[in-house]
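Read the structure below first, then the notes.
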Amino acid sequence: MKLKYYIILIFLILPQFLFAENKPERLEWFRDLGFGMFIHWGVDSQIGTVISHSMVGASDEYVQKFINDLPANFNPQNFNPQAWARLAKTAGFKYVVFTTKHHSGFCMFDSKTNNFNIMHTPYGKDITAEIVKAFRDAGIQVGFYFSPDDFYVLHQQGTLISRRRPEVLPLNNPELMQTNKAQVKELMTQYGPIDIVFFDGQENGLVDLTWELQPDAVITRGAMNTPEIAPSTSAKLPNMTDIEPWEACFTLGTSWQYKPTNEKYMSANEVIKNLIETRAKGGNMLMNIGPDPEGEIPMEQQNILREVGLWMFVNGEAVYNVLPWKTAKSDSLWFTRHKTENTVYAFVTGAPWKWGQEKTLLLPGIKISNNTTVSILGQNDKVLEYNTERIPKTTWQQMTEGLQITATRAQRLYNDRTWPNPVVFKITNIKE
């Protein structure tokens, strides 16, 4: 019987991924954005546990305390959504995806479906509405994460809290499905145009409901490939370049939500290199942060994002509005191409390129025209600070194997003149 059930379940779920389709023009719009901020935040950030999952396998006493005590004590007095949006803009994020409801069932928005939501906390204001306004005002596109799993509903039913058992799936739980549909309707009608929606679980009709209410919304998880990659997992980016839009979900640390102790973060250099690889392979990068229970983004996370922001300030044009080039990678070089121009960007990774150092590199496969120009993004090739004798001009010549470039890194981005992050070449008017 179990085998028969799972076969039926596969046939019911699989069509959602085969036939759920975003509008082609909206997919192109989404791909052009390139870089998004993911935000995981809930009432259990107060105790620093893994978000929601601690309710699975928990005693009834623990679950009752989670449901009653954590909301009663949640009052993020330092929450400043405008500061979050400013940081996101500085870091180069073009869109945000906020966890409106994670698996616990706690709604970070004003929901009339039950009292397990932000309006029934000492904070008492619609955090989702505040985030939407702040990010929208900053010119950042707005997206919602929503979990069809809901441990609160299961607990109220007397159903054992678990995942993937038949009785906890919305497909087999009419009350859960009814709650989900009501909540998605609230999210799609209370906050104006929603650009992006991420369904983390068996959605069973929620995608269609979203498109009925928000026809231009881009559905990521639920309608495209969205691999999760964190330092705590062995997951890797896809090996091959994909012509279809996809989104890699990264987290800065080992936890998606705020983790006050025993946390280990990626460096900004790792974030940047992962962003480069993702874009070279045709994907978007959704980079997660976890605010603390008082509503602040931890300074360690802010510092990483500000270093990423400096790199994006210099090199952002090689990340936005680009597609994979015919070659994604060659040795320590990664490539993207401008979507409408005959321009290729080459990212020089590997060992840091020292300030003032001249390098000669071969970029395979590039054929130049008489109108080709080559430059290092961010610098003018005219001045090497404090050195009046040397002009750091970039030169290039066509070789049989590709384009040979000789260049000097001449822009001083750090006080000690060291810069650990990739340098980017822009090569215009190439021959296809």
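A quick note: this is a predicted structure, and the numbers were derived from the prediction, not measured. What's counted below: heavy atoms across the whole structure, side chains too, no hydrogens, waters or symmetry copies.
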Going by atom types alone, do [X] and [Y] pair a side-chain donor with an acceptor below 3.5 Å?
X	Y	answer
T254	K259	yes
N342	N429	no
S45	Q257	no
Q46	N73	yes
Q64	H155	yes
E175	Q157	yes

Q. Which pairs, with at least one residue in residues 66-89 and sequence neighbours excluded, count as a salt bridge (charged side-chain N to carboxylate O under 4.0 Å, His left out)?
A. none
Q: Can you tell me which residue pairs pass the salt bridge (charged side-chain N to carboxylate O under 4.0 Å, His left out) test with a partner in residues 270-288, sequence neighbours excluded?
A: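 Qualifying pairs, neighbours excluded: E277-K281.
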Q.
Determine whether N117 and F109 satisfy the following criterion, side-chain contact (heavy atoms from CB on, under 4.5 Å), listing intermediate values before the conclusion.
A. CA-CA 7 Å; N117 66 69; F109 63 97; over 6 Å; no
Q: From the options V344, I427, L362, select the one residue that forms a side-chain contact (heavy atoms from CB on, under 4.5 Å) with L403.
A: I427
Q) Does the distance from a Lys or Arg side-chain N to an Asp or Glu carboxylate O, for D331 and K329, drop under 4.0 Å? A) no
Q) Does a side-chain N-to-carboxylate-O contact under 4.0 Å join E228 and R221? A)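 Looking at R221 together with E228, the answer is yes, because their closest N to O distance falls below 4.0 Å.
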Q | Residue E25 excluded, over 12 heavy atoms near CD under 6.0 Å | A | yes
Q.
Could you tell me if K65 sits above the aromatic ring of Y62, with its cationic atom closer than 6.0 Å to the ring centre and no more than 45 degrees from the axis?
A. no
**Q.** Gap between atom OG1 of T90 and atom CD of Q302 - 0.5 Å precision
**A.** 10.0 Å
Q. When rounded to the nearest 0.5 angstrom, what distance separates CD in Q183 from OG1 in T113?
A. 4.0 Å
Q. Taking the six-membered ring for Trp, is the centroid-to-centroid distance between F106 and F66 below 6.0 Å?
A.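 Not close enough - the centres of the two rings lie 6.0 Å or further apart.
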Q.
Counting the benzene-type ring for Trp, do F79 and W84 have ring centres under 6.0 Å apart?
A. yes
Q: Can you tell me which residue pairs pass the ring-ring contact (aromatic ring centres under 6.0 Å, His included) test with a partner in residues 278-331, sequence neighbours excluded?
A: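 Qualifying pairs, neighbours excluded: W325-F335.
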Q.
Once ring-ring contact (aromatic ring centres under 6.0 Å, His included) is applied, do any residues pair with H40, and if so which ones, sequence neighbours excluded?
A. F38, H102, Y145, W256
Q | For D44, all residues meeting salt bridge (charged side-chain N to carboxylate O under 4.0 Å, His left out), sequence neighbours excluded | A | none
Q.
Once side-chain hydrogen bond (donor to acceptor under 3.5 Å, both in side chains) is applied, what residue pairs with a partner in residues 189-199 remain, sequence neighbours excluded?
A.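 Counting only pairs at least two positions apart or across chains, the side-chain hydrogen bond (donor to acceptor under 3.5 Å, both in side chains) contacts touching residues 189-199 are D126-Y191.
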